[in-house]
Amino acid sequence: MTTITDLYPSRGDTEVSVPRQDPVVWSEPGTPGPIPGADLRSYERDGFLTVDQLIEDDEVALYRAELERMIADPAVRTDERSIVEPQSQEIRSVFEVHRTSEVFARLVRDERLVGRARQILGSDVYVHQSRINVKPGFGASGFYWHSDFETWHAEDGLPNMRTVSVSIALTENHDTNGGLMIMPGSHRTFLGCSGATPKDNYKKSLQMQDAGTPSDEALTEFASRHGIRLFTGRAGSATWFDCNCMHGSGDNITPFPRSNVFIVFNSVENAAVEPFAAPVRRPEFIGARDFTPVG
């Protein structure tokens, strides 16, 4: 059996900071693709890239209608892939939508998405995770500061930082309704969190992050060094961001809902192995084990 070196230790007795060991952009310079060179360099520097209009208005309407259909379906609500707000009992997220909805399956295969993911990751890609995030008005809770890669490495077994996420706005993302916040440049440092991973941690962490949460001291240092960028945009806009970006979002106490479709592309050359810091794998609807390239 081949032993894979753990480049990014986490979930130990103490919090650790490790310089990034992987490229940010994996394709060779000058490789053709939908992302202009200047934007690709900006992504490499900051860890994110915004697209003012990734999908058209009629497509937004189609995906919003499908989102509304899904969250209104009693069978979806009772499915283990749906995460429900503890307080309001509203649906917060629905996972694996590219497998349960042909509408979202077509979006995942769209060259506007897949082409950008291939260009950033320098290979064919598969979907590590997909979900719709729903933040209705008047009290939907946020997502605390975290690096996705810390969890995907510790609990899903992704060996390297060769993964990119895209969040596509299906409603207006205001500066007041719980939008995405990222610390620019934070993707250059891996923050290994302290504390062991409980079995079936995902059942709690998808509602409220606990294991894999950075300390206040570390977050203060990161924010002081990198600052915080808040993302706004009309429906149809998108934010691409590196798997190791420190990011989070606040509660939505406004009357204005915020809903997004979120897709995670991973390189086929970075397929998941056994978890690096968890007793068992998370379910496949959260961390895929089907590494078939998106065609």
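The figures that follow rest on heavy atoms only: side chains count, while hydrogens, waters and symmetry mates do not.
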Any donor and acceptor pair, going by atom type alone, linking the side chain of [X] with main-chain N or O of [Y] inside 3.5 Å?
X: Ser186; Y: Met246; result: yes
X: Ser259; Y: Thr171; result: no
X: Thr197; Y: Ala277; result: yes
X: Ser42; Y: Ala38; result: no
X: Thr239; Y: Ser167; result: no
X: Glu15; Y: Ser215; result: yes
X: Thr78; Y: Ala75; result: yes

Nearest non-hydrogen partners of [X] and [Y], listed with the distance:
X: Phe276; Y: Pro159; answer: CE1-CA, 3.9 Å
X: Phe262; Y: Gln129; answer: CE2-OE1, 4.0 Å
X: Ala196; Y: Pro198; answer: O-CD, 3.4 Å

Can you tell if the side chain of [X] reaches within under 4.5 Å of the side chain of [Y], non-hydrogen atoms only?
X: Val261; Y: Phe104; answer: yes
X: Tyr43; Y: Ile35; answer: no
X: Ile71; Y: Glu90; answer: no

Self-check item: Stepwise side-chain contact (heavy atoms from CB on, under 4.5 Å) test for Ser93 and Phe143
Solution: CA-CA 12 Å; Ser93 302; Phe143 293 85; 4.2 Å; yes
Determine which pairs satisfy salt bridge (charged side-chain N to carboxylate O under 4.0 Å, His left out) with at least one residue from [range], sequence neighbours left out, and list them in order.
range: residues 224-244; value: Arg20-Asp242, Asp57-Arg234, Glu221-Arg225
range: residues 99-112; value: Glu59-Arg112, Glu96-Arg99, Arg99-Asp290, Glu102-Arg109, Asp110-Arg112, Glu111-Arg118
range: residues 156-178; value: Asp156-Arg282, Arg162-Glu269

Quiz item: Passes side-chain contact (heavy atoms from CB on, under 4.5 Å), Glu44 versus Leu40? Steps please.
Solution: CA-CA 6 Å; Glu44 188 168 29; Leu40 206 57; over 6 Å; no
With sequence neighbours excluded, residues passing side-chain hydrogen bond (donor to acceptor under 3.5 Å, both in side chains) with [X]:
X: Asn270; value: Asn266
X: Asp13; value: none
X: Arg289; value: none

Quiz item: Given Thr14 and Val16, is the side-chain contact (heavy atoms from CB on, under 4.5 Å) satisfied, shown in steps?
Solution: CA-CA 6 Å; Thr14 58; Val16 296; 4.1 Å; yes
Checking [X] now: which residues fulfil ring pair (Phe, Tyr, Trp, His ring centres under 6.0 Å) with it, not counting sequence neighbours?
X: Phe256; result: His174
X: Phe265; result: none
X: His226; result: Phe222
X: Trp240; result: none

Practice problem: List for me each residue that meets salt bridge (charged side-chain N to carboxylate O under 4.0 Å, His left out) alongside Glu274, sequence neighbours excluded, and say none if there are none. | Solution: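 Testing Glu274 for salt bridge (charged side-chain N to carboxylate O under 4.0 Å, His left out), a comparison that skips the adjacent residues, returns Arg281.
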Quiz item: Is there any side chain to side chain donor-acceptor pair (under 3.5 Å) pair reaching into residues 243-258, and which pairs are they, with sequence neighbours excluded?
Solution: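 Qualifying pairs: Lys135-Ser249, His146-His247, Ser147-Asn244, Asp148-His247, Asn173-Arg258, Asn252-Thr254.
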Quiz item: Which is it for Val94 and Asp79 under the side-chain contact (heavy atoms from CB on, under 4.5 Å) test, yes or no, and what are the steps along the way?
Solution: CA-CA 9 Å; Val94 181; Asp79 192 294; over 6 Å; no
Quiz item: Are Thr189 and Ser17 close enough that a side-chain donor and a side-chain acceptor fall under 3.5 Å?
Solution: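 Note: Thr189 and Ser17 side chains miss the donor-acceptor criterion.
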